[in-house]
Enquirer: 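First the structure, which I've put down as structure tokens, then a few questions once you've had a look.
We count residues from 1, following the sequence as given.
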Amino acid sequence: MSAKKKSKSNEPNIKDFTKNNSQKIHSKIFRIIFGRTVAQRMFRIYLILIFLGASLLYCPFSLTDGQYIVYLDPINKEFSRPYTFWDALFIACSGFSDTGLTPAVISETFTFTGQIILLFLIELGGIGLISIFFLIWNFFKKASDVSLGQMAMLQSERGNEKFGNSFKMVKKAIGFIIISELIFAFIYSLWMCFVPAYTQLTQENDVIGPTYDSKELLKCYHNYGKSLWIGIFISISAINNAGFDIFQGTSSLSSYRNDWHTIFQLLIVFQIIIGGIGYPVIFDYLEKLDNKKKGKITRTSLFTKVALWAYFGVAIIGFIIALLFEGIEPRFATNDYSIFSDPNLHREYGVAKDFNKFFAIFFNVMTTRSAGFSTINHNLLSIGTKWTNCLLMFIGGSPSSTAGGIRTTTLIVVLAALCGKITGKKHTSLFRRTISVEKVKDALIVLITSIILIAFVSVLISYSEYYNYDYGKIEADQLLDIIYETTSAFGTVGLSIGITPSIDPFGQVLLILLMFVGQLGVSSTLLSWTRRNPKGNASSYPVEDIRIG
């Protein structure tokens with residue numbers, strides 16, 4: 001009798017042991033697949049999602065008539081080539097990273113199903129995969145049920161410096177963004193349905209030449225069903241700074257570049273700003289409005305001040321430089337085919353030439369921050385403007401936003417540290433707040449790593465056979481085109497000189513790498529390769545000075 005009791009008392013212990021052992025095995029498998037640190041998990045989850053998206057975009061149901069064909073020019077069907085898995089992977093990565101670079105014409109290559117898949121990738125990448133997960137989680141569980149590890153992932157993706165506020169901040173910011181997407185989508189659908197716009201043609205079917213209005217109206221005109229779908233796609237693409245569109249042809253927003261259509265462009269710019277300034281900034285101002293109604297006064301965070309000043313400051317400086325190269329002084333345009341040097345010849349700007357020219361420069365500067373939409377052919381920009389665009393794309397938008405690049409706050413911290421060094425200050429400060437030495441060091445690492453990465457990838461692509469068409473360009477122009485494409489990928493912008501379709505698979509893989517780094521962020525990418533507890537972390541060597549430049 002006692003033996004039976006003893007055996008029964010041991011049964012729960014055996015079950016507990018089996019259960020604990022099973023949990024340990026599952027935990028070990030999870031760590032092997034997804035990594036140990038927050039950065040490693042985000043890196044691998046993003047990678048898995050991109051490959052899943054590429055697989056779906058490679059299925060016959062995603063392709064027009066199930067045909068594996070890429071149409072490079074929708075007007076002339078002879079400009080085509082086979083559609084490969086590398087194309088699907090490139091587009092999936094470009095969609096998830098909200099870049100917009102593509103080797104195919106989206107409207108011609110993909111079916112409605114394929115476009116929906118691409119749109120989901122854009123939304124997941126823009127709002128944030130982890131953020132969307134927690135938004136869904138909130139419907140089923142309370143915020144208090146979220147573990148510290150999960151909260152750390154949320155903060156790393158779209159959070160701010162205050163750890164405890166991340167869940168509340170993301171919830172409010174995502175709600176604001178989704179409502180904005182719906183409102184703007186409705187406005188776009190009405191505009192495209194009732195305001196006439198024309199398809200774009202190039203002179204003598206010249207792929208790289210300037211475009212002008214044809215006599216053929218866009219298919220969405222007086223077709224509300226088509227206008228609504230394009231409006232939804234454009235709204236989500238714009239607020240996520242993706243730059244993808246599904247208009248017929250390869251001319252992006254060129255059909256809406258003139259006269260009254262500048263209002264349409266201005267709406268796009270509003271969405272670009274909403275997506276590019278960052279979740280913490282949106283949350284800060286929503287909180288300010290709520291507290292103002294309650295009679296409370298709240299202080300604007302340092303991040304919000306720096307992010308806003310940097311975002312609009314860079315835009316203003318870029319606009320002034322663009323005016324010098326393309327507007328006020330056309331003689332600065334060193335390219336014989338400058339888009340502003342002879343608007344009558346190219347018929348780029350309709351009737352109100354001066355206003356449309358001015359607004360085209362403004363839209364170009366705003367879209368280079370991370371959006372990727374274009375109303376003009378960037379191949380026709382002057383060399384000075386191209387270099388300026390490269391710089392703007394390299395800087396990008398704010399952290400915790402849909403933008404890529406080194407981020408505006410990184411630039412400001414580095415400049416503040418430089419000014420502090422010149423003026424002999426011991427500490428780096430912004431808005432009467434001291435920036436820690438660790439943050440300054442991180443900013444410098446991000447800047448230097450980004451420069452090295454873009455230079456390295458540009459050199460490798462220049463060695464590959466990326467140029468299949470002879471446009472009579474000199475080697476210096478080709479190098480600038482490559483740098484333009486690489487900074488566009490790194491900044492997750494999507495603006496292109498037109499060489500993406502002719503880059504070979506090796507070059508496409510390099511651009512995929514840049515887009516991925518731009519989406520994840522340089523800091524998170526570097527951290528994804530580090531151990532949780534690096535060896536030698538607790539020890540240090542004796543200090544000794546060394547002369548530097």
Side-chain angles (χ1 to χ4, degrees), residues 50 86-87 89-104 125 208 241-244 314 318 364 367-374 377-379 381 383-397 403-407 410-411 446-469 471 473-523 525-526:
I50 288 169
W86 289 115
D87 294 318
L89 184 63
F90 188 94
I91 294 169
C93 185
S94 182
F96 182 73
S97 64
D98 296 315
T99 302
L101 286 175
T102 172
I208 66 165
N241 283 207
F244 281 100
V314 170
N364 171 71
T367 196
T368 51
R369 305 306 305 282
S370 187
F373 290 112
S374 62
N377 191 335
H378 282 241
N379 192 73
L381 291 167
I383 292 175
T385 306
K386 286 180 182 179
W387 280 115
T388 304
N389 286 352
C390 287
L391 184 60
L392 292 172
M393 292 188 290
F394 177 74
I395 295 169
I406 62 170
R407 311 306 202 270
T410 302
L411 174 69
V446 168
L447 177 65
I448 294 168
T449 304
S450 301
I451 293 172
I452 293 172
L453 185 62
I454 288 176
F456 183 66
V457 170
S458 297
V459 169
L460 288 179
I461 291 179
S462 69
Y463 284 129
S464 67
E465 295 180 3
Y466 78 94
Y467 231 63
N468 295 335
Y469 303 104
Y471 295 141
K473 291 193 172 186
I474 59 173
E475 293 182 4
D477 283 343
Q478 290 182 9
L479 180 60
L480 175 55
D481 289 355
I482 295 171
I483 294 173
Y484 202 93
E485 219 80 3
T486 54
T487 51
S488 179
F490 175 75
T492 67
V493 180
L495 293 175
S496 176
I497 298 298
I499 68 171
T500 299
S502 48
I503 292 178
D504 63 12
F506 174 70
Q508 286 187 357
V509 170
L510 293 173
L511 290 180
I512 288 171
L513 171 67
L514 282 178
M515 289 189 287
F516 193 84
V517 173
Q519 166 70 340
L520 189 61
V522 176
S523 297
T525 304
L526 292 174

Enquirer: Verify side-chain contact (heavy atoms from CB on, under 4.5 Å) between N364 and H378, making sure each step is shown before the conclusion.
Expert: CA-CA 9 Å; N364 171 71; H378 282 241; 2.8 Å; yes
Enquirer: What's the spacing between N389 CG and L480 CG if we round to 0.5 Å?
Expert: 10.0 Å
Enquirer: Name the atoms and distances for all side-chain donor-acceptor pairs under 3.5 Å in residues 507-516, with sequence neighbours left out.
Expert:
none

Enquirer: How many angstroms lie between atom CD1 of I91 and atom CD1 of I50, to the nearest 0.5 angstrom?
Expert: 13.5 Å
Enquirer: Is there a side-chain contact between I503 and P103, using heavy atoms and a 4.5 Å cut-off?
Expert: no
Enquirer: Apply ring-ring contact (aromatic ring centres under 6.0 Å, His included) to F490 and list each qualifying residue two or more places apart in sequence or on a separate chain.
Expert: F394
Enquirer: Shortest non-hydrogen contact from Y484 to M393?
Expert: O-CE, 3.7 Å
Enquirer: Roughly how far, to the nearest 0.5 Å, is CG of L392 from OG1 of T388?
Expert: 7.0 Å
Enquirer: Quick check for you: to the nearest 0.5 Å, what is the distance between I395 atom CD1 and C390 atom SG?
Expert: 11.5 Å
Enquirer: Checking S370 now: which residues fulfil side chain to side chain contact (heavy atoms under 4.5 Å, CB included) with it, not counting sequence neighbours?
Expert: N241, A403, T492
Enquirer: Going by the rule side chain to side chain donor-acceptor pair (under 3.5 Å), which residues pair with T486 if we only count those two or more places apart in sequence or in a different chain?
Expert: S458
Enquirer: Rounded to the nearest 0.5 Å, what's the gap from CD1 on I406 to CD1 on I448? Could you check?
Expert: 11.0 Å
Enquirer: Test your reading of the model: is there a side-chain donor-acceptor pair from T99 to the backbone of V493, 3.5 Å cut-off?
Expert: no
Enquirer: T367: what forms a side chain to side chain donor-acceptor pair (under 3.5 Å) with it, not counting sequence neighbours?
Expert: none
Enquirer: Quick check: closest heavy atoms across F244 and S94, and the distance to 0.1 Å?
Expert: CZ-OG, 3.4 Å
Enquirer: How many angstroms lie between atom OG1 of T487 and atom CD1 of I482, to the nearest 0.5 angstrom?
Expert: 11.5 Å
Enquirer: Of all heavy-atom pairs between Q519 and R407, which one has the smallest distance, and what is that distance?
Expert: O-NH2, 3.9 Å
Enquirer: Hey, is the main chain of G396 close enough, under 3.5 Å, to the side chain of R369 for a donor-acceptor pair?
Expert: yes
Enquirer: Listed by chain and number, what are the side chain to side chain contact (heavy atoms under 4.5 Å, CB included) partners of S496, not counting sequence neighbours?
Expert: L101, E485, T500
Enquirer: Can you give me the closest heavy-atom contact between S450 and V522, atom names plus distance?
Expert: OG-CG2, 3.4 Å
